[in-house]
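Everything below concerns the one structure shown next.
Everything numeric in this text was worked out from a predicted model, so none of it was measured.
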Amino acid sequence: MNAIAPVPKPSLSPQELQALATIEERLLWLASWTIHNANHLRPNRDGLKVGGHQASCASMTSLMTALYFKALRPQDRVAVKPHASPVFHGAQYLFGRQTREQLERFRGLGGAQSYPSRTKDKDDVDFSTGSVGLGVGVTAFAALVQDYLAARGRVPAESMGRMIALLGDAELDEGNIYEALIEAYKHDLRNIWWIVDYNRQSLDATTSERMWDRFDDIFETVGWDVLTLKYGKRQLEAFAKPGGQSLQAWIESCPNDLYAALSYQGGAAWREHLLQDLPQDGQVLIASYDDAALSNLMTQLGGHCLETLVEAFDQAAQNDRPKLFIAYTVKGWRLPFQGHKDNHSGLMTPTQIDALRQSLGIPEGQEWEALAGLSQSDEAAVRALISKAPFQADVKRRFNPAPVAIPEKFEVPSGDQQSTQAAFGKILADIAKTESDFAARIVTTSPDVTVSTNLGGFVNRRGLFSRTATKDVFKDRKIASPQIWTGSDAGQHIELGIAENNLFLNLSAFGLAGEHFGERLFPIGTLYDPFIARGLDALNYAIYQNARFMVVSTPSGLTLGPEGGAHQSINTPLIGMGQPGLTHWEPAFADELALLLRHSFVDMQEETGGCHYFRLSTRTLAQPQRIDATWREGALQGAYWLIPPSPGAELALIYCGALAPEALAGFEALKEDFPGVGVLAVTSPDLLHRGWTAAGRARWTGGPRLASHIEQLLSPLHARAGLITLLDGSPSALSWVGSVLGHRVRALGVEQFGQTGDLPDLYRTYRLDCEAILDAAADLHF
């Protein structure tokens, strides 16, 4: 790795450098003190360690000082390394965007969060981070969103920002980073900076020696510029002296763990080791430094040198090519445990924090005063630098675009026999034919299953998004195909490779377009239902950010029988029910789907709205002949009586999704033995359960005693009535309904991995057919 070439003109005057160095020291102090206060001064009522990663903050302080106070512009967006959260909050405090109260309550209820959070923190967080690697990958997809909007004239050239990730080198072990890197290359993305805090330590140990020279190859292969910041100015000056080349050669060959250990032990240990290893000219050079100066020389790597960092950021800003900065640092730099292999969760003692306070010239009792102890001239210089930092420009960074008008109704696809998956494709294709603003703001995306999830009609109409125009060669050569795939910067479909993490990160980025760029979009991601679990961490991350999007997955349960267990889903209804911020829908019929899709698009724009997950089926069902529209209100609340029960009925069948035919067959077989039996169509187990628990909580907390929707639906039944629930998935998603009013339940569903077969065989094998319903009824009334 070669150190970055210096820019011809110095980026900092001596006065600016001194002011920036003062800011760097105060950020180190604020981060350290915030963590210390949370662990040592604030009352601890439960005895648990609060934590806060002082060492990880220290290794990032220089990087974040140079970035936030010299390089960053308002249109730039940053995903901050999770463990550097206190440094971020300290920077916001200096900018006047964070309060002392928030810092004092760090990691406490209502205070600054452990890891930056868009929804929980009160200062200016662009991307939530915490699950390592995901905050890095999402910046690539944010760059894709920016390109998408810029192609439509909605982000002018002067407002194009850089999507920046600050990350620890251990995060580079996360596979999702490389999945995102490949997708970024395929889409020719620009304006991405990934800045690596290369301290060569992870949570447990020092990092592998074998990787240090591989990152250049990996990133340069996919078109990134790699800027390696290995040495600070002080070190480069030493290398130019007699014996300096020997010192540099020693550093180049020094193992990571030895360098870390010597950094911890300090100047005397450095001297003893170097005098043993260096030739005569190197020994003479080392002798010219006292112990403190030698320790400073050996630990002021490129990632701790403000001049080096500012020059590197200035150089990188000359073009929009994606950049990887490898900034060498020492974990815990300038703290008592710098370099120690166990410092990840280390905390300074009261004695140590007091020594740091004194060394930085902060008067006792003024620990929260950001510029306490500075001379009048130094304070003025610091305030001047903060005020003229580009990031302080009066430019709007958070947007709240007006709602987009949604058509009053979505037309129900015609046909007596339909699957919900096919109906979904037809509804989207019909929307694509219109010239409405709503249709123009839909963005579809899929991990190489666009056609098999029925997005083909939409893509044929609206095209693939590509920064360079692409033709459909098959069409040009008159080869028949139902798919017309042409790419242009006007296209509205993002085609992804087979990586579900990328799908959900892409949905996350597009789902934040309104807040980041002031342009509301309606992202829809499609995938195979069983593979939701492959991207579950990224899905949770996307929703935690309060991004708004729709997930449409298919096939549900066993309904793609011949594909076997690898393509059959079991627990996805429970994922939908258990994921905060996500509403799970599982309609059986096309008219239900049309109603619920429209409702979901409206909800995605509401302040208290959220994301929506549709679990659809490839199974073709006979469509019901509706007498009236009274079912619609119930469907929007999660369920309605497809066949209402008689008052005092002793049995009800409750089904969800693709098992409607079995429920109706069971009704026909049981209606003579159980007069008045009802059939309840569940469109959302999630909403039913949520409404039931919310009603219970309201009563417990003194709220009004209102019955939930499911309570009202079940109230006509006899108190000792039996309930048979049917779901092509985990029976637990519906088995809880017996607790609503104390009814007895027999829950039918899938609890084992499936196998190949047609539906009659599979439903018989897994006890989902009419015979199973009859057995359940007999068991309930034995």
**Prompt:** Would Arg97 count as a cation-pi partner of Phe391, with NZ or CZ less than 6.0 Å from the six-membered ring centre and within 45° of the ring normal?
**Reply:** yes

**Asked** Got a donor-acceptor contact below 3.5 angstrom from the Tyr178 side chain to the Leu172 backbone?
**Response** yes

**Fill in**
In this structure, OG of Ser553 is separated from CZ of Phe531 (nearest 0.5 Å) by 11.5 Å

**Message:** Any carboxylate oxygen within less than 4.0 angstrom of a Lys/Arg side-chain nitrogen, looking at Asp430 and Lys426?
**Reply:** no

**Request:** Mind checking the CD1-CG spacing from Ile195 to Leu166? Nearest 0.5 Å is all I need.
**Result:** 5.0 Å

**Prompt:** Does the side chain of His612 reach to within under 4.5 Å of the side chain of Arg548, using non-hydrogen atoms?
**Reply:** no

**Side-chain (Thr693) to main-chain (Arg690) donor-acceptor, under 3.5 angstrom** = yes

**Asked** Quick check: are there more than 12 heavy atoms from other residues, nucleotides or ligands sitting under 6.0 Å from CD1 of Ile479?
**Response** yes

**Request:** Check whether any side-chain heavy atom of Leu134 lies under 4.5 Å from a side-chain heavy atom of Val138, and answer yes or no.
**Result:** no

**Request:** Kindly compute the distance separating CD (Gln113) from CZ (Arg118), expressed to the nearest 0.5 Å.
**Result:** 13.5 Å

**Asked** Between Arg626 and Glu592, is a salt bridge (Lys or Arg N to Asp or Glu O under 4.0 Å) present by the stated rule, with each step listed?
**Response** CA-CA 11 Å; Arg626 305 290 190 185; Glu592 295 173 351; 3.8 Å; yes

**Prompt:** Looking only at atom types and distance, does a side-chain atom of Thr139 sit under 3.5 Å from a main-chain N or O of Val136, one as donor and one as acceptor?
**Reply:** yes

**Request:** Tell me yes or no: between the side chains of Tyr528 and Ser569, is some donor less than 3.5 Å from an acceptor?
**Result:** no

**Message:** I'd like to check Ile406 versus Gln605 (side-chain heavy atoms, cut-off strictly below 4.5 Å). Are they in contact?
**Reply:** yes

**Asked** Taking it one step at a time, do Asp126 and Arg397 satisfy salt bridge (Lys or Arg N to Asp or Glu O under 4.0 Å)?
**Response** CA-CA 9 Å; Asp126 292 315; Arg397 301 193 76 249; 3.0 Å; yes

**Asked** Mind checking whether Pro82 and Glu171 have side chains closer than 4.5 Å, heavy atoms only?
**Response** yes

**Request:** Kindly say whether Thr526 contributes a backbone atom to a donor-acceptor pair with the side chain of Thr453 at under 3.5 angstrom?
**Result:** no

**More than 12 heavy atoms from other groups under 6.0 Å of CZ on Phe399** = yes

**Message:** Using side-chain contact (heavy atoms from CB on, under 4.5 Å), reason through His709 and Leu688 one step at a time and then give a plain yes or no.
**Reply:** CA-CA 7 Å; His709 183 56; Leu688 289 181; 3.7 Å; yes

**Message:** Could you go through Ser419 and Ser617, starting from their C-alpha distance and side-chain angles, then the distance that decides it, and tell me whether this counts as side-chain contact (heavy atoms from CB on, under 4.5 Å)?
**Reply:** CA-CA 6 Å; Ser419 72; Ser617 171; 5.6 Å; no

**Item:** Considering all heavy atoms, the nearest Ala639-Thr683 contact
**Value:** N-OG1, 3.8 Å

**Asked** What is the minimum heavy-atom distance between Gly161 and Gln146, and which atoms define it?
**Response** N-OE1, 2.6 Å

**Message:** Looking only at side-chain N and O atoms, does Ser131 offer a donor or acceptor that is under 3.5 Å from a partner on Tyr115?
**Reply:** no

**Message:** Looking at Asn540 and Leu536, would you say the former's side chain and the latter's main chain have a donor-acceptor pair under 3.5 Å?
**Reply:** no

**Asked** Going from CG on Asp76 to CG on Leu67, what distance comes out if it is rounded to the nearest 0.5 angstrom?
**Response** 8.0 Å

**Asked** Does some side-chain heavy atom of Asp416 sit less than 4.5 Å from a side-chain heavy atom of Gln623?
**Response** no

**Request:** Kindly say whether the aromatic ring centers of Phe127 and His516 come within a distance under 6.0 Å.
**Result:** yes

**Greater than 12 external heavy atoms within 6.0 Å of Gln483's CD** = yes

**Asked** side-chain contact (heavy atoms from CB on, under 4.5 Å) between Asn191 and Lys323: does it pass, once the steps are laid out?
**Response** CA-CA 8 Å; Asn191 292 306; Lys323 307 289 191 302; over 6 Å; no

**Asked** Should the ring pair Phe313 and Trp193 be called parallel, tilted or perpendicular, given that the plane angle runs from 0 to 90° and is split at 30 and 60?
**Response** parallel

**Request:** Please list all pairs passing the side chain to side chain donor-acceptor pair (under 3.5 Å) test where one or both residues lie in residues 463-482, with sequence neighbours left out.
**Result:** Asp188-Arg467

**Asked** Can any side-chain N or O of Ser600 pair as donor or acceptor with the backbone N or O of Leu596 at less than 3.5 Å?
**Response** yes

**Request:** Just say parallel, tilted or perpendicular for the rings of Trp585 and Phe614, cut-offs at 30° and 60°.
**Result:** parallel

**Request:** Report the C-alpha distance between Thr221 and Tyr185 in whole Å, list the side-chain angles of each, state the deciding distance to 0.1 Å, and finish with yes or no for side-chain contact (heavy atoms from CB on, under 4.5 Å).
**Result:** CA-CA 9 Å; Thr221 297; Tyr185 176 68; over 6 Å; no

**Prompt:** Between His689 and Pro685, is there a donor-acceptor pair closer than 3.5 Å when you use the side chain of the first and the backbone of the second?
**Reply:** no

**Prompt:** Salt bridge check: are Asp225 and Arg321 linked by an N-O gap of less than 4.0 Å?
**Reply:** yes

**Complete:** dist Leu507:CG -> Ile543:CD1 (nearest 0.5 Å) comes out at 10.0 Å

**Item:** Nearest atoms (heavy-atom pairs only) where Thr583 meets Asp686
**Value:** CA-OD2, 3.2 Å

**Side-chain donor or acceptor of Asp628 paired with backbone N/O of Thr630 under 3.5 Å** = yes

**Ile442 side chain near Phe438 side chain, heavy-atom distance below 4.5 Å** = yes

**Salt bridge flag under 4.0 Å for residues Glu515 and Arg77** = no

**Prompt:** Can you check whether Phe549 reaches Phe522 side chain to side chain, under 4.5 Å on heavy atoms?
**Reply:** no

**Asked** Under the 3.5 angstrom rule, does the side chain of Gln418 hit a backbone N or O of Pro413 as a donor-acceptor pair?
**Response** yes

**Prompt:** What closest approach, in Å, do Phe424 and Ile524 show between heavy atoms, and which atom pair accounts for it?
**Reply:** CZ-CG2, 4.1 Å

**Request:** Sequence neighbours left out, what pairs pass side chain to side chain donor-acceptor pair (under 3.5 Å) with at least one residue falling in residues 454-463?
**Result:** Gln421-Asn454, Arg462-Gln492

**Message:** When you measure from the centre of the six-membered ring of Phe601, is the NZ or CZ of Arg598 closer than 6.0 Å and no more than 45° off the axis?
**Reply:** no

**Item:** Side-chain touch His584/Glu586, heavy atoms, less than 4.5 angstrom
**Value:** yes

**Distance (rounded to the nearest 0.5 Å) between Arg534 CZ and Leu503 CG** = 11.0 Å

**Item:** Stacked cation flag Arg152 on Tyr148, 6.0 angstrom / 45 deg
**Value:** yes

**Request:** Identify, with sequence neighbours excluded, every residue that meets salt bridge (Lys or Arg N to Asp or Glu O under 4.0 Å) alongside Arg441.
**Result:** Asp437, Glu519

**Complete:** Closest non-hydrogen atoms of Pro587 and Arg615, given as atom of the first, atom of the second and distance, are CD-O, 4.4 Å

**Message:** Using the side chain to side chain contact (heavy atoms under 4.5 Å, CB included) definition, which of the options Val552, Ile575, Ile532 pairs with Tyr613?
**Reply:** Ile532

**Message:** Using only atom types and a distance under 3.5 Å, with no angle test, would you say the side chain of Gln318 pairs donor to acceptor with the backbone of Asp314?
**Reply:** yes

**Cationic N near anionic O, under 4.0 Å, Arg190 to Asp147** = yes

**Message:** Quick check: closest heavy atoms across Ala588 and Thr420, and the distance to 0.1 Å?
**Reply:** O-CG2, 3.5 Å

